[in-house]
Amino acid sequence: METPQAIRGTQDIFGAEAEAFAHVVETFERVRKLYRFRRAEMPVFEKTAVFSRSLGETTDVVSKEMYSFLDRGDESLTLRPEFTAGIARAYLTNGWQQHAPLKLATHGPLFRYERPQKGRYRQFHQLDAEIIGAAEPQADVELLVMADQLLKELGVSDGVTLMLNTLGDGASREAWRAALVDYFRGQREALSEDSQERLERNPLRILDSKDARDKVFLADAPKIDDYLNGEAQEFFGRVTSGLDAAGVEWTRAPSLVRGLDYYRHTAFEFVTDRLGAQGTVLGGGRYDGLIETLGGAHTPAVGWAAGIERLAMLVGEWHPLPTEVVIVLEADSLVVVTNYLAAKIRRRGYSCEVVSSGSVNKRFEKSKKLNPLVTVIIDDKVDSIDGDFNARFKYSANVDCDRPDLMKYLTEELERKYFQNDGYDGDYFASGQDMVFSFESSR
RNA sequence: GCGAUCGUAGCUCAGUUGGUUAGAGCGCCGGCUUGUGGUGCCGGAGGUCGUGGGUUCGAGACCCAUCGGUCGCCCCA
C-alpha cells in the first residue's frame, strides 16, 4: 500500500512552528478585540464570479492562480484566493449594510495555484481586517494603527517598516496610469520582456520591477503626486497626520502599487528584508470600488491581510509554557492515585502530564525531558523505620520555580485532602537543581 | 509557466577517482548500572540508497526521464 503524498504547496505544521502559528492567531484575536472588530466566518469557496469580477480579469490571480472547478451542477466554483471579495459578497448577501460602518476580522486558509517557495504556499493562511462602509480617512488610520500594534505585540516590528502610498481617487489613478503608459511606451523597446507585457496588462507594476533594464527609467516616470486632485491630497494628508498622532512610523513609497484592480487612495505594505523574496508581511488599502463590481451600492471600504506563515517565521520558534506538573508513577499498583491526582490538578487549572509506561528509568528520563515546574512521584516503597507506609508522595520543584500558588496547592491542599497527612514529615533536602519534599501516607 | 539546486534509516547527515554483506549521531524499544534518577554500558528494531529506464563485468555514486523538496523569476500575504 503506497502512502498518498500531500498536495504540492500544502503544509503539515507541527511542534514549535505550530505553536508560533497559534501564537500569531491568538495575538490577532486579542488585538482585534481591543479595536472592537467583530468576528466573521465565511465559506472557503464561492462562485467563481465573486473573485473574477472583483479582482480584475487580467490580474494574475484570476487569470492563472485560482483553484477553480466545476461542481456536480456544472457550476464554476473557486477556492478563495483572498478574503476581501468573499467578505464583500457576504456583506451584500446578508444585508450587513444595516451594521455599517462595519469592522470585521477573520482568519483562515486561502488558495492560490502557484509554485511554492519560502513564505509562499498553495494553501496559505491570513489574518484579515476590514472596515466596510466608511469613507473617512479615520478608518484607514484605525486599521493601520491596529496593524502596527499587532506587529509590535508579536515582537516582530523590528526591521519591519510601513510603506505607505496613495493611488488617489478613481480619476487621479486613471490619469496617472495613462501618463505612465505614455511614458513607458516611449521606451518600450528598452524595457524588459516582462515589463513590455505589463505595459498592456498592468502598467503600474512596472514601477516595482526588479529588472535593471526597467529601473533606469523609474526615476523619471510620472509621479502619482502630480496627478492627485485636491480631495485626494487632503485625504492622504489626514491619513498621515492620524498615523503621526498615534505614533505609528511610516515611510512614503511613491511607487508602491497593489496588485489587485480594486484599490483606491491608501495603499500600504509592512515589509521586511528577513524573509527572502517574500518581503510583504501585511498589506492592504482602500477599495472604494469593489462592492459596486459585485452589484452593490457604492460602498467605501478599507482592509488589510497578513500572512500567518510569514508572521510565524518572524516570530521564530515558539514554545508553549512548560508543563506545570508531571506525575511519575513509580509503583504500578498505585495507578489510580495518578488518575486521581491528574484529574484534580487539571480541574484546578494547572497543566499536568502523567508518565506511567516503560521502565522506571525511562519514566524518569521522560519526565526530565518534559522539564516540568514540579515533579510528583507516586511510590510505594516501604522504607520507613516502622514500615507502616504504603504510599509515598514526593515532589521536587525547580529551585527557580517562582510559583507559590502552585507550591501551596500541592503541599497543603492535595497532600492534606488525599493523604490526610499533617504536613511535611521532615524529609526535605536539596538535590542538584531541585528542592525535594517528601510525604508519606500512613495507615 | 520559467530557472537553479537537492532527494541515502523516524530525524540530521557520512559514504573516497563507480568495486565485496550501505555507515554514524540523535530518536525509538529492551537489559544492566546509577539509593530522588535528563548519567554510563550492552543489545535490538528500522534503508528495494525518491521512482523508472540506460551506460558498465559491476552504480547510492555516471547519463536520461519522471516525481517530490528547497530557493529564485513572474505574481503576491
Of the listed nucleotides [options], the one nearest the side chain of [X]:
X         : options                : value
Pro116(A) : G68(B), C71(B), U70(B) : U70(B)
Lys118(A) : C75(B), G68(B), C71(B) : C71(B)
Arg120(A) : G72(B), C75(B), C73(B) : C75(B)

Could you state the atom-to-atom distance from [atom1] of [X] to [atom2] of [N] in whole Å?
X         : N      : atom1 : atom2 : result
Met163(A) : A77(B) : CE    : P     : 15 Å
Gln117(A) : G68(B) : CD    : P     : 17 Å
Arg115(A) : C2(B)  : CZ    : P     : 8 Å
Leu150(A) : A77(B) : CG    : P     : 17 Å
Arg112(A) : G1(B)  : CZ    : P     : 18 Å
Leu329(A) : G37(B) : CG    : P     : 19 Å
Leu207(A) : C75(B) : CG    : P     : 12 Å
Asp194(A) : C2(B)  : CG    : P     : 14 Å

May I ask you to say what Tyr113(A) touches in the nucleic acid, namely base, sugar-phosphate or nothing, with a heavy-atom cut-off under 4.0 Å?
nothing
Mind checking if Gly119(A) touches a base, just sugar-phosphate, or nothing, with heavy atoms under 4.0 Å?
base
Mate of [N] where both pairing distances stay under 3.5 Å, Watson-Crick or G-U:
N      : answer
G43(B) : C29(B)
G68(B) : C6(B)
A22(B) : none

Does C75(B) have its OP1 or OP2 closer than 4.0 Å to a side-chain nitrogen or oxygen of Arg205(A)?
no
Give a yes/no on whether any side-chain N or O of Arg198(A) is located under 4.0 angstrom from OP1 or OP2 of C75(B).
yes
Just by distance, with hydrogens left out, do Glu309(A) and Gln11(A) show a side-chain donor and acceptor under 3.5 Å apart?
yes
